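Have a look at the structure below before the remarks.
Only a predicted model underlies this, so the values are computations on that prediction, with no experimental measurement involved. Convention: sequence-line order gives letters A, B, ...; per-chain numbering from 1.
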Amino acid sequence: MKKHLITSAIPYVNGVKHLGNLVGSMLPADVYARFRRQLGQLDGSETLFICGTDDHGTPVEIAAQKENTPVAAFVQHWHDFQADIYTRFGLSFDHFGSSSSPQNRILTQHFAQKLKDAGLIDVRTQTMLYSKADGRFLPDRYVEGTCPKCGFGKARGDQCDGCGSVLDPTDLIEPYSSISGSKDLELRDSKHLYLKQSQLVDKLRTWIDAQNWPNLSKSIAYKWLDEGLEDRGITRDIKWGVPVPPEVFGDDFADKVFYVWFDAPIAYIAATKEWADKQGLDDSAWKDEWWFGNPDVQYTEFMGKDNVYFHTLSFPATLIGSGEPWKKVDTLKSFNWLTYYGGKFSTSMGVGIFTDTALELLADIDNGPDYWRYYLIARAPESDDSAFMWPDFQAVVNKDLADVLGNFVNRTLQFTHKNFGNSVPASSGNYTEADQACATRLNDILTRYTAHMENAEMRRSQEALRELWVAGNEYLAEQEPWKVIKTDKERAATILNLAIHMIVLYARAMAPICPFSAAKIIALFPELPAPTSMVPAAKGTPAHINTPWAWPRSLKDFHATLPSLTTFQLPEGVLFPKIADEQIADWESRFGNQKV
RNA sequence: GGCGCUUUAGCUCAGUUGGUUAGAGCAACGGAAUCAUAAUCCGUGUGUCCUGUGUUCGAGUCACAGAAGCGCCA
C-alpha cells in the first residue's frame with residue numbers, strides 16, 4: 001500500500017513568518033497533503049505530513065540574550081506562536097515538531113556517530129575571531145568593520161553591503177562585535193568536525209541522476225557537484241544546539257554544538273518520532289513504516305529555492321553517508337519568492353504582510369484564511385518570483401470566490417428554496433444531451449485537476465478548480481431553470497438536482513485549497529458528514545484535518561462516495577463576503593502599495 | 001565575480017518533442033438574461049513573442065552574442 005510522506009521546510013523559529021514563507025513551502029505542502037488524504041479514501045494510500053520549527057543557531061541565541069530570556073523559553077514561545085498561526089491557516093500537519101526536541105538530539109547524534117564510523121568525519125582547526133566582552137566566538141555576520149575595498153563603515157564579516165564584495169572577517173579594518181560593539185577581539189583556534197562530502201560526490205551523483213526532479217532543483221544540485229562538493233563544517237562554537245557528544249568526539253568538543261543546517265533536516269525524521277511518541281506508538285510506527293527502508297513510501301519535500309542545496313546535497317549526504325537505508329526525497333518541489341509589489345518581503349524592514357497580520361485583517365470573515373489560501377495558491381511562485389498586490393488580491397478573491405463560486409451556490413439554493421422548499425428536488429433520471437455534455441466536461445476537468453494535484457502543480461490546480469465552478473454557471477445559463485419551471489417542473493427539478501450535486505462536488509474538490517469554505521458548504525447538507533479535527537481548535541478555528549470527503553477523481557467516484565441528498569439549508573449570510581474598495585485603499589495606505 | 005532563472009496582449013501568466021491565422025484569466029467594450037451577493041452567460045485582441053545574428057523548408061520554441069529584471073553562492 002502506497003504511503004505518502006510529505007514535509008515542508010521548517011521555518012526558523014525566531015519571530016513571525018510572512019506570507020512569502022507561507023506560500024513558499026508550508027501552504028502548497030498542505031494543499032498537497034490534504035489532496036493526498038482525500039485521494040487516500042479512494043485508493044487506500046496513507047499520508048503523513050510533517051513540519052516543525054528550526055530552533056537552533058546563533059540568531060536565536062542572541063535574540064534571547066537581548067530579551068534576557070532563557071533560550072529554551074524564547075524558542076518555546078515562538079514555536080507555540082507560530083504553531084497557533086498555522087493552525088488558524090488550516091495547515092494540517094500531522095505533527096508540528098521542533099528541531100530542539102530530545103528526539104532530534106538523539107537522532108542528530110546518531111547520524112554523527114554513523115558518519116564517524118564510516119570514516120566521513122574529519123577534525124580540522126579553524127581560526128576565528130573571539131570576543132572577550134561577549135565571551136564567545138563571533139560568526140562572520142556578527143563581525144562588522146570598515147570594508148578594505150570601498151571604505152564602507154558597516155561591512156559585515158561575510159560580505160560588504162556597500163560594494164558587495166565577499167569578505168573574510170579578518171579582512172575588516174577595525175573589526176568589532178555587532179553584538180556588544182566591543183573592539184576587544186582576538187584570533188583563536190577552534191577545532192571543528194567536518195563532513196567529508198567530497199568523498200560522497202559519486203554516490204550523490206548516482207542518486208541524483210536517478211531522480212525525477214524539476215530542472216531548477218537538478219541544475220542547482222549538479223552545479224555543486226560539478227564544482228566539487230567541499231567538505232563542510234558541521235559544528236559551531238555556540239551553546240544553543242544539539243551538543244556534540246564528547247564521549248564520541250572527545251573533550252575538545254565538550255562545549256560545541258552541531259551546525260543548525262546539520263540538525264534541521266534531521267528534524268523531519270525526529271518530528272515523525274515525536275508524532276509517534278505523542279500517540280504512544282513504538283519506534284516501528286515512525287521508523288519502519290515511514291523512514292527506514294519501506295519501499296512503499298513516496299517522499300515529497302516542499303521548500304523555497306534557497307533551501308534546495310540543503311535538500312538535494314547536504315541532507316542526502318548525511319543520509320547516504322550513514323550507510324543506513326534512510327528514506328531520501330523522491331519528489332522535490334521548490335518555489336521562488338512572493339514579492340511585495342516586486343520588492344522583497346523583509347522581516348527586519350517590516351515590509352510586506354506577516355502571517356498573524358494577514359489573519360487579523362480578515363478576522364471578521366469566518367473562512368477568511370481561505371481568501372489567503374486561494375489567492376496565494378493562484379499566485380504561487382512556481383516558475384518565477386510572483387508579486388503580491390492588494391488590488392490583485394481583491395480582484396481574485398471577489399471574482400472567483402464571491403462572484404463565480406459563491407454566487408453559483410447562492411443562486412442555485414435560493415431558487416430551489418423558492419420552488420421546492422428545503423428538499424433537494426428529485427431527478428427524473430431523463431438526462432438531455434446538454435446534461436451529458438456538462439457531465440463529460442466536469443469529468444474532463446476533474447481528470448486534469450487530479451493530475452495537476454498529483455504533480456503538486458498549484459497554479460494549474462487552481463485554474464482547473466475555477467473551471468469547474470464556471471461550468472456550473474454556464475450550465476444554469478444554458479438550461480434556464482427559471483424559465484423551464486413555468487412549463488415543466490419535472491425538468492426544472494432535474495436541472496436543480498444536478499446543480500446541487502455540483503455544489504457538493506465543488507466543496508469536495510476545493511477542500512485541499514479552501515478547507516474552511518468547503519466545510520461551510522458541506523454543512524448546508526445535513527446528510528453529509530462534517531469534518532473532524534485532530535488538532536485542538538485554536539481561537540475557535542478548527543483545522544479540519546480529517547475531511548471525510550473522498551477525492552472526486554471522476555464523477556463516478558464522486559457519486560460512489562456520496563450519500564443520497566434529500567435536504568439542504570440556505571446559507572446564513574454570505575458565503576464569501578467581498579473585500580470593499582475602501583478596505584483595499586486602507587490596507588494600501590497602511591502597508592504601502594509600491595516597491596520598497 | 002561565478003552560476004542560474006525571467007523577459008509573450010493594459011495587468012497576471014500558459015505556450016509540450018520547432019510546423020498552418022500565438023492562447024487563458026482579469027481589466028475594457030458590446031450584447032443576452034434576470035434564479036442570484038449588479039452576481040452570471042455570450043461576443044470582441046493589427047501583441048516588432050526583449051534585441052541582434054545564426055541553424056532550418058519553417059523558430060516564441062534551438063544555438064551564439066547582447067540588454068533589462070531577479071535569485072543563489074554552502
Side-chain angles (χ1 to χ4, degrees), chain A residues 140 149 158-159 163-166 194-195 197 214-234 259-262 304-315 317 334-337 339 342-344 375 378-389 391-420 457 459-460 462-464 466-467 469-486 492 495-496 499 570-571 573-578 580 595:
Chain A
D140 297 355
K149 294 184 181 163
D158 51 353
Q159 189 175 13
C163 63
S165 305
V166 177
Y194 275 70
L195 175 57
Q197 294 187 139
N215 263 347
L216 179 66
S217 311
K218 261 198 163 172
S219 65
I220 290 175
Y222 279 130
K223 187 203 146 207
W224 290 115
L225 289 176
D226 292 344
E227 291 183 358
L229 201 55
E230 285 180 24
D231 298 341
R232 182 171 59 109
I234 58 166
Y259 175 44
V260 58
W261 264 114
F262 183 70
K305 58 185 170 184
D306 56 327
N307 278 343
V308 171
Y309 164 79
F310 298 102
H311 289 79
T312 54
L313 294 169
S314 103
F315 184 39
S334 58
F335 290 83
N336 292 283
W337 297 129
T339 64
K344 256 190 172 176
Y375 174 76
R379 293 280 179 270
E382 288 178 302
S383 58
D384 194 8
D385 291 354
S386 170
F388 174 87
M389 290 175 285
D392 188 45
F393 173 62
Q394 178 194 30
V396 168
V397 163
N398 286 356
K399 183 71 185 172
D400 290 4
L401 293 180
D403 294 351
V404 177
L405 173 65
N407 184 52
F408 175 77
V409 174
N410 194 52
R411 70 195 294 208
T412 301
L413 296 184
Q414 292 289 354
F415 184 73
T416 305
H417 185 72
K418 276 185 192 158
N419 292 283
F420 298 91
E457 295 167 332
R459 282 184 184 231
R460 290 188 164 163
Q462 177 272 142
E463 282 168 11
R466 188 183 188 283
E467 269 188 75
W469 300 341
V470 168
N473 279 314
E474 285 181 19
Y475 178 75
L476 286 186
E478 230 170 58
Q479 297 306 309
E480 302 179 303
W482 47 90
K483 276 188 187 167
V484 172
I485 197 155
K486 291 173 186 163
I495 296 167
L496 292 170
L570 286 178
V574 175
L575 275 174
F576 298 97
K578 290 196 193 183
K595 181 172 176 173

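In this structure, A:F576 reaches the bases: a heavy-atom distance under 4.0 Å links it to at least one base atom across the strands shown.
Rounded to a whole angstrom, the distance from the C1' atom of B:rG25 to that of B:rA67 is 30 Å. Nucleotides B:rG2 and B:rG66 have their P atoms positioned 11 Å apart, rounded to a whole Å. Between the P atoms of B:rA24 and B:rC70, the separation comes to 31 Å (whole Å). Here, B:rC13 and B:rU8 have their P atoms 9 Å apart, quoted to the whole Å. Spacing of P atoms, B:rU61 relative to B:rC73, comes out at 31 Å, to the nearest Å.
A:V404 approaches A:R466 most closely through the heavy-atom pair CG2-NH2, 4.1 Å.
Between A:R466 and B:rC26 there is a side-chain polar atom (N or O) within less than 4.0 angstrom of OP1 or OP2. Put simply, A:R411 has no side-chain N or O that comes within less than 4.0 Å of OP1 or OP2 on B:rA33. Under 4.0 angstrom from either OP1 or OP2 of B:rA39 there lies no side-chain N or O belonging to A:K399.
Residues A:L195 and A:D231 are not in side-chain contact: their nearest non-hydrogen atoms beyond the backbone lie 4.5 Å or more apart. Residues A:R379 and A:V396 form a side-chain contact, since some pair of their non-hydrogen atoms from C-beta on lies under 4.5 Å apart.
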Here RNA chain B, pairs taken as Watson-Crick or G-U under 3.5 Å and shown with ( ), [ ] when crossing and | when to another strand, reads (((((((..((((.....[...)))).(((((.......))))).....(((((..]....)))))))))))).

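A stacking contact links A:W482 to B:rC35: the aromatic ring centre lies within less than 5.5 Å of the base's six-membered ring centre, and the planes differ by less than 30°.
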